[in-house]
Amino acid sequence: MQNNNQEQQNQDLIQKLMEQQNNEHQEKKDDDQISISTARVSSIKYRLYVFIFLALIVVWIVDYILPTREKTIWLHTTIADKQQQITNFLEKKSQYEKDKDLISLMEINENKIISCVNYKVWCTEIPQEIRENFWFARSYLQLNNLHDPKMEINEKIILANINEYLLKEIGQNNNESLTRIGKITNISIGESKVVVSQLYSIPIRLQASFANKDNLLTFIENVDKNVLEAKSYRILYKIDEINYNIMEYDQEQIVDIKMHAFYYQE
């Protein structure tokens, strides 16, 4: 009987130990789960904080850094452009002043320039500044205002220039009757185009009869070299093309000539 009681006590003790162990194991398991949950919450909070921080950085960059950088770039570009404009303006101003002085000098010496171009006299009397820019001076003196409010181009001046000056020899004396070297058979005047600023060009196709090559060469010299003394009829030309049969140089020919006239418009 006593042995049975002892055995029962041992079993109760073992049972209590097992229950206590199970309880401790369950508590440990519960503690581990609580730790895991806490760690997960902390991790989520950390990630949330990091996301918010990154979002704030992005907003700061977009709202402040990028506009500031763009403004800085724009400011530097604007300053550089203004500096370049100032430099260009000063260069243009300097060139304009030089050109203005040269033009004034050319106008004062106009008669000497014309005499030198047409008759090869008074050349040494022309100032050095003009001699260094001689053909520019000749071109400047030939420019005329051909604009007509009604017709756009004053074709009468062009026709008079060609018929009464380019197709005649330049005499040594203004009172002499000029010898005719050619005759207009056909002429067409195109539409004017802007070259630069107030400078315009207009295409002209001229057909004229010449008795021989010498008369044609005189016409070319009148176009390219000589300056008309009648200021109101002056025109600056550039010959583009001449269709001439050189094999029949001693016979009368109708020559097809393409050229451009240049003029300014005020």
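Heavy atoms only: backbone and side chains are in, while hydrogens, waters and symmetry mates are out. Predicted model only: the values in this text are computed from it and were never measured.
Hydrophobic clustering (ILVMFWY, side-chain heavy atoms < 4.5 Å, transitive): L141 and V223 are in distinct clusters. Hydrophobic clustering (ILVMFWY, side-chain heavy atoms < 4.5 Å, transitive): I239 and I235 are in one cluster. One hydrophobic cluster, built from ILVMFWY side chains closer than 4.5 Å, holds both I246 and I181. Transitive grouping of hydrophobic side chains (ILVMFWY, heavy atoms separated by less than 4.5 Å) keeps I254 and M247 in distinct clusters. Hydrophobic clustering of Ile, Leu, Val, Met, Phe, Trp and Tyr side chains at less than 4.5 Å, counting indirect connections, unites V227 with I103.
If you chain together ILVMFWY residues whose side-chain heavy atoms come under 4.5 Å of each other, L199 ends up grouped with L143, V195, V196, L236, F262, Y264.
With rounding to the nearest 0.5 Å, the separation of CD in E221 from CG in N226 is 5.0 Å. The CG atom of L228 sits 8.0 Å away from the CG atom of N222 when rounded to the nearest 0.5 Å. Atom CD of E164 sits about 13.5 Å away from atom CD1 of I157, to the nearest 0.5 Å. The distance from atom CD of E132 to atom CD of E129, rounded to the nearest 0.5 Å, is 7.0 Å. Put simply, CG on N186 and CZ on R205 are 8.5 Å apart, with the number rounded to the nearest 0.5 Å. Rounded to the nearest 0.5 angstrom, I184 CD1 and L166 CG are separated by 9.0 Å.
Minimum heavy-atom separation, A137 to I130: CB-CG2, 4.0 Å.
Listed by chain and residue number, L167, A208, N215, L216, F219, V255, I257 satisfy the side chain to side chain contact (heavy atoms under 4.5 Å, CB included) test with F210 (two or more places apart in sequence, or in another chain). With sequence neighbours excluded, no residue forms a salt bridge (charged side-chain N to carboxylate O under 4.0 Å, His left out) with D224. Considering only residues two or more places apart in sequence or on other chains, D240 meets the salt bridge (charged side-chain N to carboxylate O under 4.0 Å, His left out) condition with K238. Partners of R131 under the salt bridge (charged side-chain N to carboxylate O under 4.0 Å, His left out) rule, at least two apart in sequence or in another chain, do not exist in this structure. Applying the ring pair (Phe, Tyr, Trp, His ring centres under 6.0 Å) rule to Y200 yields the partners Y263; only residues at least two apart in sequence or on another chain are considered. Scanning for side chain to side chain contact (heavy atoms under 4.5 Å, CB included) contacts around A230 gives Y165, Y233, with sequence neighbours left out. Listed by chain and residue number, I187 satisfy the side chain to side chain contact (heavy atoms under 4.5 Å, CB included) test with L159 (two or more places apart in sequence, or in another chain). Under the rule for a salt bridge (charged side-chain N to carboxylate O under 4.0 Å, His left out), K213 has no partner lying at least two apart in sequence or in another chain.
Put simply, the side chain of M259 reaches to within 4.5 Å of the side chain of I162, judged on heavy atoms. Looking only at side-chain heavy atoms (C-beta outward), I202 and E191 stay at 4.5 Å or farther from each other. In this structure the side chain of Y237 never reaches within 4.5 angstrom of the side chain of L206, judged on heavy atoms.
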Listing, residues 104-116 side-chain donor-acceptor contacts under 3.5 Å, not counting sequence neighbours, or none:
from: S104; atom 1: OG; to: K100; atom 2: O; distance (Å): 3.0
from: E107; atom 1: OE2; to: Y140; atom 2: OH; distance (Å): 3.0
from: N109; atom 1: ND2; to: L105; atom 2: O; distance (Å): 2.8
from: E110; atom 1: OE2; to: R234; atom 2: NH1; distance (Å): 3.0
from: E110; atom 1: OE2; to: R234; atom 2: NH2; distance (Å): 2.9
from: S115; atom 1: OG; to: N111; atom 2: O; distance (Å): 2.9

Go through the steps for I204 and S188 under the test side-chain contact (heavy atoms from CB on, under 4.5 Å), then give the verdict. CA-CA 6 Å; I204 298 173; S188 61; over 6 Å; no

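Applying the side chain to side chain donor-acceptor pair (under 3.5 Å) definition to pairs two or more places apart or across chains, none involves residues 245-255. For residues 141-156, no residue pair satisfies the salt bridge (charged side-chain N to carboxylate O under 4.0 Å, His left out) rule, not counting sequence neighbours.
Formation of a donor-acceptor pair under 3.5 Å by the N144 side chain with backbone atoms of S232 is found in this model.
Within a 6.0 Å radius of NZ in K193, no more than 12 heavy atoms belonging to other residues, nucleotides or ligands are found.
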